[in-house]
Structure formats: C-alpha cells, structure tokens
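This report refers to the structure that appears directly beneath it.
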2 protein chains.
Amino acid sequence: METLTQRLTGRGWRMTAQRRVIARVFDAAGAEHIHLTADDVLERAVAVLPEISRATVYNTLGEMVDAGEVLAVNVGDRVTRYDPNVAKTHHHLVCEVCSSIFDVQAEVLPSANTADVAAIAPGFVIESADVIFRGRCACCR
Amino acid sequence: METLTQRLTGRGWRMTAQRRVIARVFDAAGAEHIHLTADDVLERAVAVLPEISRATVYNTLGEMVDAGEVLAVNVGDRVTRYDPNVAKTHHHLVCEVCSSIFDVQAEVLPSANTADVAAIAPGFVIESADVIFRGRCACCR
DNA sequence: GTTAATGCAAATCGTTTGCAGGTTT
DNA sequence: AAACCTGCAAACGATTTGCATTAAC
C-alpha cells in the first residue's frame with residue numbers, strides 16, 4: 001500500500017514542507033475510514049509546522065483532489081471532507097448520531113439501476129455513483 | 001396527486017401570502033424533476049409578491065423540510081436544492097455537463113449492500129440511502 | 001534565475017439569526 | 001391579547017482569491 005506522500009512524490013510534485021506535512025497527516029491517519037475536514041487537517045498540520053496557513057491547506061487539498069489522489073466527500077452538511085482512499089471505489093456509511101463515516105466497498109454498485117434510469121432519462125450515461133447510507137453505528141444504537 | 005399547497009393546508013399551516021406563494025412556486029413547476037435552489041424560489045416568488053424577503057424564503061423552505069413536505073437535496077456543490085417530490089423514495093441523476101437533475105425511482109435500493117455493511121461496520125443499522133448517479137444526459141452526450 | 005508555492009488578509013457566497021414591527025387566530 | 005410570521009440588516013462559516021514574499025528546482 002503506497003502512502004499518499006509516495007504517490008505525490010511519484011507524480012513529480014514539488015514537495016514543500018507544507019505539502020509533505022499535509023500528506024503525512026493522511027498517512028498517519030491510515031488508509032480507510034479517513035474523512036478529514038480542512039480544519040482537521042489544519043489542526044494536525046499546525047501541530048507539526050506551526051506557520052502553515054489555512055489557505056495553503058485549502059489550496060493543497062484542492063490540488064490533491066484535482067490530481068485524483070484524494071477524494072472530496074460531501075455527506076450533506078456544508079463541509080467538505082477529504083478521503084485519501086482512492087484505490088478502491090467505495091461509498092459511505094454515515095452515523096446520524098455521532099457523524100462517524102465508514103467506507104463500504106462498492107463492487108456491488110447496482111448495474112440494476114441502469115434499467116430504471118433508461119426508462120426515466122433515456123440516453124443518460126452513468127459514469128459514477130455516490131452512495132451515502134445513513135443510519136446508526138454500533139456505538140450509537 | 002396532491003399539490004404542496006394542499007398538503008401544507010391539510011397540515012394546519014398558517015397560510016400566509018408568502019407561504020402560499022412559495023408553495024405555489026413548486027406546484028407550478030410540477031411534481032418530478034424539480035430541484036430549485038433558494039434563489040430560484042426567491043426569484044419566482046418575487047415575480048408574484050415583490051416584497052417577499054430572502055430570509056422568509058429560507059425560513060419557509062426550512063420549515064417545509066422539517067415538516068417532511070419538501071426534501072433538501074445536496075448534489076455535491078455547496079447549494080441546497082429543494083424537491084417537493086416526497087411521495088416516492090427516489091434518487092438523483094446529475095448531468096455533469098449541464099447540471100440538470102433527474103429523479104430515479106428507488107424500489108431497487110440495494111439491500112444487497114447490507115451484507116457488505118455488516119462486514120465493514122458490524123452493528124450499523126441502515127435507515128436510508130442517498131444515491132447520486134453522475135454522468136451525461138441525452139442532450140449533453 | 002525561473003517558476004511555482006506560501007501566507008496574509010480581504011472577499012465571496014450560501015445561509016442563519018436577532019429583533020422590531022406587522023399579521024393571524 | 002397571544003402566538004406567530006415577516007423583513008431588514010448584520011452575522012456566520014466554509015472556502016476562495018489577490019498579491020507581495022519566499023522557497024524549490
């Protein structure tokens with residue numbers, strides 16, 4: 001499993017202190033079930049590199065998303081979360097009580113629905129699907 | 001098919017001029033494939049009742065959502081859209097070119113995934129699912 | 001030495017809120 | 001009268017941007 005830092009380096013990114021710190025925030029967090037807000041990232045980055053600015057965090061996260069190395073996840077509130085797990089297509093499980101977010105692998109993604117779609121919006125070509133399951137996690141039942 | 005105005009009246013809402021106008025904006029638009037932003041609603045409401053305020057539109061839309069008569073739909077940008085089609089559970093098809101949004105009926109809702117979920121997040125109880133299919137509509141292929 | 005990235009502060013934009021005044025029951 | 005609704009303007013919070021400075025290649 002390649003780290004985000006490795007993926008970015010391999011991509012020929014100019015590796016500044018701030019970019020390295022941001023990438024390492026994700027690497028330190030792990031690979032799955034990581035969905036950090038820009039503020040989460042800033043907070044952890046500041047602990048290592050106190051002079052890093054909020055704008056740089058936003059800009060860098062945006063660049064990581066544009067590069068396809070991080071996913072921008074939106075679960076319905078007005079806050080974007082950043083998810084470094086781009087290797088396997090997956091969807092999200094959101095606990096409505098504690099707001100935890102879990103990844104769910106998406107092999108299953110209903111090709112079944114394509115039939116329905118054809119009936120409703122003839123000619124629509126589906127390229128991807130975002131699925132958010134809402135409910136209660138084990139801790140919050 | 002009951003109109004939104006009828007549903008709200010039947011619910012014993014205090015029917016002021018502004019609430020009526022807002023409800024009628026949706027009624028005039030139809031039942032399916034309606035996904036208006038607060039600004040869309042304001043614009044159309046102002047055409048009928050020029051003194052209506054943005055705050056009232058926001059407040060009223062929020063109340064309609066709380067009452068369960070309108071759905072707040074979020075397709076990933078930072079803008080909430082309002083969908084009066086609450087009768088049948090459905091999901092959304094978003095054209096990545098022209099941003100049109102279509103409804104898709106959701107009988108199909110992947111109970112299949114429950115198995116995966118059990119493996120990933122044991123004990124998680126799914127209560128609902130939001131699905132956003134992205135692609136290109138017939139006009140934009 | 002170029003080119004690109006950073007930090008700061010100000011700007012944006014959708015949305016919410018406090019409050020005084022007006023309306024509905 | 002009591003409870004509720006409206007409009008205004010100011011507040012908010014996440015994100016973006018302009019620009020002068022600094023750092024990487």
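In what follows, chains are A, B, ... by sequence order, proteins preceding strands, each numbered from 1.
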Inset, instruction - Considering non-hydrogen atoms only, spot the tightest contact between A:Ala38 and A:Val57 and give its length. - result: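 Heavy atoms of A:Ala38 and A:Val57 come nearest at O-CG1, 3.7 Å.
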Inset, instruction - Indicate the atoms forming the closest heavy-atom contact of B:Pro122 with A:Ala138, along with that distance. - result: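 Heavy atoms only, the tightest pair is O-CB, 3.2 Å.
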Legend entry - Heavy-atom check, side chain of A:Arg7 versus side chain of A:Met64, under 4.5 Å: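 Sidechains of A:Met64 and A:Arg7: no contact.
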Inset, instruction - Would you mind reporting whether B:Ile22 and B:Ile52 have side-chain heavy atoms less than 4.5 Å apart? - result: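 Yes, side chains in contact.
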In whole angstrom, what separates [X]'s [atom1] from [N]'s [atom2]?
| X | N | atom1 | atom2 | result |
| --- | --- | --- | --- | --- |
| B:Asn74 | D:dA14 | CG | C1' | 13 Å |
| B:Glu63 | D:dC4 | CD | C1' | 10 Å |
| A:Leu42 | C:dG7 | CG | C1' | 12 Å |
| B:Leu61 | D:dC5 | CG | P | 15 Å |
| B:Leu49 | D:dC5 | CG | C1' | 13 Å |
| A:Asp40 | D:dA14 | CG | P | 11 Å |

Inset, instruction - Report yes or no: do A:Asn59 and A:Thr56 form a side-chain donor-acceptor pair below 3.5 Å? - result: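 No, A:Thr56 and A:Asn59 have no side-chain donor paired with an acceptor closer than 3.5 Å.
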Legend entry - Test item: side-chain donor near acceptor, B:Asp103 and B:His35, under 3.5 Å: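 Side chains of B:Asp103 and B:His35: pair found under 3.5 Å.
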Legend entry - Nearest-0.5 Å distance that lies between atom CG in B:Leu8 and atom CD in B:Glu69: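 Spacing of CG (B:Leu8) from CD (B:Glu69) equals 5.5 Å.
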Inset, instruction - Please state whether the phosphate of C:dG7, meaning OP1 or OP2, lies under 4.0 angstrom from any side-chain nitrogen or oxygen of A:Gln18. - result: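 The answer is yes; a side-chain N or O of A:Gln18 sits under 4.0 Å from OP1 or OP2.
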Inset, instruction - Kindly say if B:Ser53 contacts the phosphate of D:dC8, meaning a side-chain N or O under 4.0 Å from OP1 or OP2. - result: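 No, outside the criterion.
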Inset, instruction - Using a 4.0 Å cut-off on protein heavy atoms (strictly under), produce a 5'-to-3' string for nucleotides 19-25 of chain D with B for base contact, S for backbone-only sugar-phosphate contact, and - for none. - result: -----BS
Inset, instruction - Go along nucleotides 9-16 of chain C 5' to 3' and tag each nucleotide: B for a protein heavy atom under 4.0 Å from its base, S when only backbone or sugar atoms are that close, - otherwise. - result: -----SBB
Inset, instruction - Go through C:dG7, D:dC5, C:dA5 for me and flag the one nearest to the B:Arg19 side chain. - result: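 For the B:Arg19 side chain, the nearest candidate turns out to be D:dC5.
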Inset, instruction - Starting from A:Ile101, walk the hydrophobic network (Ile, Leu, Val, Met, Phe, Trp, Tyr; side-chain heavy atoms closer than 4.5 Å) and list everyone else you reach, by chain and number. - result: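 A:Ile101 shares its hydrophobic cluster with A:Leu71, A:Val73, A:Val75, A:Val86, A:Val94, A:Ile132.
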Inset, instruction - Give a yes or no on whether the backbone of B:Ala67 and the side-chain of B:Arg11 come within a donor-acceptor separation of less than 3.5 Å. - result: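 Side chain of B:Arg11 to backbone of B:Ala67, a donor-acceptor pair under 3.5 Å: yes, one is there.
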